[in-house]
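Computed over heavy atoms, backbone and side chain alike; hydrogens, waters and symmetry mates excluded. Both ligands and their constituent atoms are indexed starting at 1 by order of listing.
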Amino acid sequence: MASNKPKKSLLNLQSKLAVTLFFILVFTIPALLLLHTPSTLTCTNLSASKETWSGNVREAEFSWNRLRFVDKNPPMMTLRIAVFSRKWPTSANPGGMERHAQTLHTALALRGHQVHVFTSPAGDGVAPITTQEQVRSEGSWHPSLPIVHWHDGEPDKWRYNKAWEIFQEVNQSEPFDVVHSESVSLPFWLAKQVPKLAVSWHGIALESVQSSIYQDLARKPDEPISPAFNESLQGMIPKVLNEIRFFKNYAHHVAISDSCGEMLRDVYQIPSKRVHVIVNGVNEKDFHQDFRLGLMLRSKIGIPQNVSLVLGIAGRLVKDKGHPLLYEAFSKLKTKYPDVYLIVAGSGPWLQRYRELGSRVKVLGSVNPVELRAFYNAIDVFVNPTLRPQGLDLTLMEAMMSGKPVMASRFPSIKGTIVINDEFGFMFSPNVESLYEKLELAVAEGSERLAQRGKACLDYATSMFTARKMALAYERLFLCIKNETFCMYP
Ligand SMILES: *[C@@H]1O[C@H](CO)[C@@H](O)[C@H](O)[C@H]1NC(C)=O
Ligand SMILES: *[C@@H]1O[C@H](CO)[C@@H](O)[C@H](O)[C@H]1NC(C)=O
Ligand SMILES: *[C@@H]1O[C@H](CO)[C@@H](O)[C@H](O)[C@H]1NC(C)=O
Ligand SMILES: *[C@@H]1O[C@H](CO)[C@@H](O)[C@H](O)[C@H]1NC(C)=O
Ligand SMILES: *[C@@H]1O[C@H](CO)[C@@H](O)[C@H](O)[C@H]1NC(C)=O
């Protein structure tokens with residue numbers, strides 16, 4: 001019994017120590033943390049990364065770009081990937097769904113995957129390699145480029161059945177692990193025979209309904225409705241219903257914006273586990289911050305050094321991209337603020353109208369990739385008054401990757417994926433008054449504050465919108481389609 005006593009007091013001592021330690025832990029550490037908080041608060045990091053998330057990626061309802069994928073090279077497994085794309089770019093023309101396909105699949109091929117593209121004959125003068133030669137040349141397959149199988153026939157005329165025939169031939173010699181269809185390149189009646197398939201939607205019919213609403217509301221009271229537009233309205237709802245009925249035949253769906261993912265789950269009734277959000281990426285080599293390049297362009301096109309603000313727009317200068325709105329809003333802005341400039345990159349019917357606005361509108365016309373990079377670096381804020389919420393304009397990502405804040409139409413797609421934080425810029429309802437109000441706000445803030453916003457945009461874009469991030473997210477999806485064990489993240 002007595003021998004127990006010292007032990008007991010030792011125990012007592014231990015428990016006292018434990019209690020003391022406990023109090024130190026409970027009170028001091030949070031206090032230290034509290035002391036620390038102000039510095040983390042003043043330097044808010046707005047990156048949207050889901051660093052601590054874990055689970056089956058197929059269950060993720062947020063965009064996969066938020067995940068951190070380990071850039072293992074070579075990848076966990078090399079895959080044989082078949083791609084169906086109506087077109088395949090053969091020149092440097094920017095934009096389009098096929099440009100996305102090329103950026104993505106070139107990156108995947110570089111990572112060691114065997115990529116075969118099935119597409120229509122090239123239309124812009126480049127001699128397509130005949131399919132037979134392609135199939136035969138497979139023995140000498142080049143590991144770092146996709147193999148392109150052009151079907152025969154008229155240039156740029158997609159014949160899915162011809163592409164399907166070639167695919168079957170190639171698949172017979174060695175089966176593919178996964179099939180990727182850019183939109184309906186592979187029609188649903190063929191797609192439903194392929195269980196390991198993913199389709200990417202760059203815009204769906206429900207989004208075009210929204211588009212019609214925005215476009216008609218932007219019409220002036222005295223402006224008649226165009227017969228073509230009126231006719232397209234008649235077919236709108238049947239088109240959505242048709243899509244909802246056939247979409248389910250595709251095994252896996254990739255939505256390119258968070259809001260499109262939501263529509264596929266909530267309106268199109270596709271099971272959550274088959275809907276994945278992967279936002280398109282832009283090439284970080286093409287778009288980055290370069291102050292010198294921006295200043296050079298400014299001086300080249302005659303923008304004085306002491307101007308207060310330079311706005312920029314880029315893309316096709318057509319009505320449904322909202323140019324009538326900006327044209328009117330800027331006409332008003334320039335009379336009130338004599339040292340605000342606008343740079344217009346791109347071409348289209350509205351180019352001449354912009355030219356008529358005088359010397360404070362600098363119209364560049366069509367630009368090459370280097371000029372486009374200079375353009376983004378020359379502006380203080382990028383304006384995108386689009387009336388078409390189908391998909392997501394890459395120009396928004398390009399501007400952010402160049403460290404610029406954006407001013408864009410308040411669409412679910414833009415709000416849910418691009419301007420997810422007020423710091424990243426401004427959103428307006430697509431009408432002249434609302435746009436003008438935000439333009440005045442930006443003028444009042446000035447270029448220094450806008451540059452600060454631009455820095456936050458750059459951080460966010462770098463974590464979300466690089467082509468590398470997009471390729472790694474698709475790679476994980478294809479791996480997960482091939483073998484469920486790859487679906488577990490991290
Ligand atoms: C925010 O976080 C990202 C990724 O975690 C990092 O790359 C970036 O430098 C951070 N930015 C700031 C301002 O701390
Ligand atoms: C590709 O070939 C494999 C193996 O022969 C076969 O199981 C599969 O069904 C083929 N895929 C298609 C889409 O025909
Ligand atoms: C629009 O289409 C409807 C139905 O086809 C027709 O009744 C109406 O007159 C058209 N309106 C205009 C302005 O074309
Ligand atoms: C900028 O400089 C020009 C010529 O040097 C001058 O006329 C103009 O008033 C200046 N503008 C501002 C906002 O300082
Ligand atoms: C999936 O991958 C795991 C781990 O690499 C392997 O054990 C399993 O056999 C694979 N399953 C199939 C169906 O290939």
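Among protein heavy atoms, atom 13 (C) of ligand 5 sits closest to N483 ND2, 4.6 Å. With respect to atom 5 (O) of ligand 5, the closest heavy atom belonging to the protein is T485 OG1, 4.5 Å. The protein atom (non-hydrogen) at minimum distance from atom 9 (O) of ligand 2 is N171 ND2, 4.8 Å. For atom 4 (C) of ligand 2, the closest non-hydrogen atom on the protein side is P175 CB, 3.8 Å.
The option from K196, Q168, E174 that lies nearest to atom 14 (O) of ligand 2, judged by heavy atoms, is Q168.
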Test salt bridge (Lys or Arg N to Asp or Glu O under 4.0 Å) on R80 and D177 and set out the steps.
-> CA-CA 5 Å; R80 253 173 89 76; D177 295 309; over 6 Å; no
Report the C-alpha separation of E475 and R111 in whole Å, then their side-chain angles, then the decisive distance to 0.1 Å, and conclude whether the salt bridge (Lys or Arg N to Asp or Glu O under 4.0 Å) test is met.
-> CA-CA 9 Å; E475 176 180 272; R111 288 183 55 71; 2.7 Å; yes
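Using a 30° and 60° split on the angle between ring planes, H116 and F118 fall in the parallel class, below 30°. Relative orientation of the F465 and Y460 rings is perpendicular, given thresholds of 30° and 60° on the angle between their planes.
Using a cutoff of 4.0 Å between basic side-chain nitrogens and carboxylate oxygens, K220 and E328 are scored as salt-bridged. The pair E207-K239 does not meet the salt-bridge criterion, since no charged nitrogen lies less than 4.0 angstrom from a carboxylate oxygen. With salt bridges taken as basic N to acidic carboxylate O contacts below 4.0 Å, one links E440 and K336. Taking 4.0 Å as the cut-off between side-chain N and carboxylate O, K87 and E182 do not count as a salt-bridged pair.
In this structure, F167 has a heavy atom closer than 4.0 Å to ligand 2.
In this structure, atom 7 (O) of ligand 2 is not in close contact with the protein, since no protein heavy atom lies within 4.0 Å of it. For atom 2 (O) of ligand 2, a protein heavy-atom neighbour is present inside the 4.0 Å cut-off. Distances from atom 11 (N) of ligand 2 to the protein include at least one heavy-atom value under 4.0 Å.
Residue-ligand proximity, I225 to ligand 3, at heavy-atom distances under 4.0 Å covers atoms 12 (C), 13 (C).
Contacts with ligand 3 closer than 4.0 Å are made by side-chain heavy atoms of Q234 only, the backbone lying farther away.
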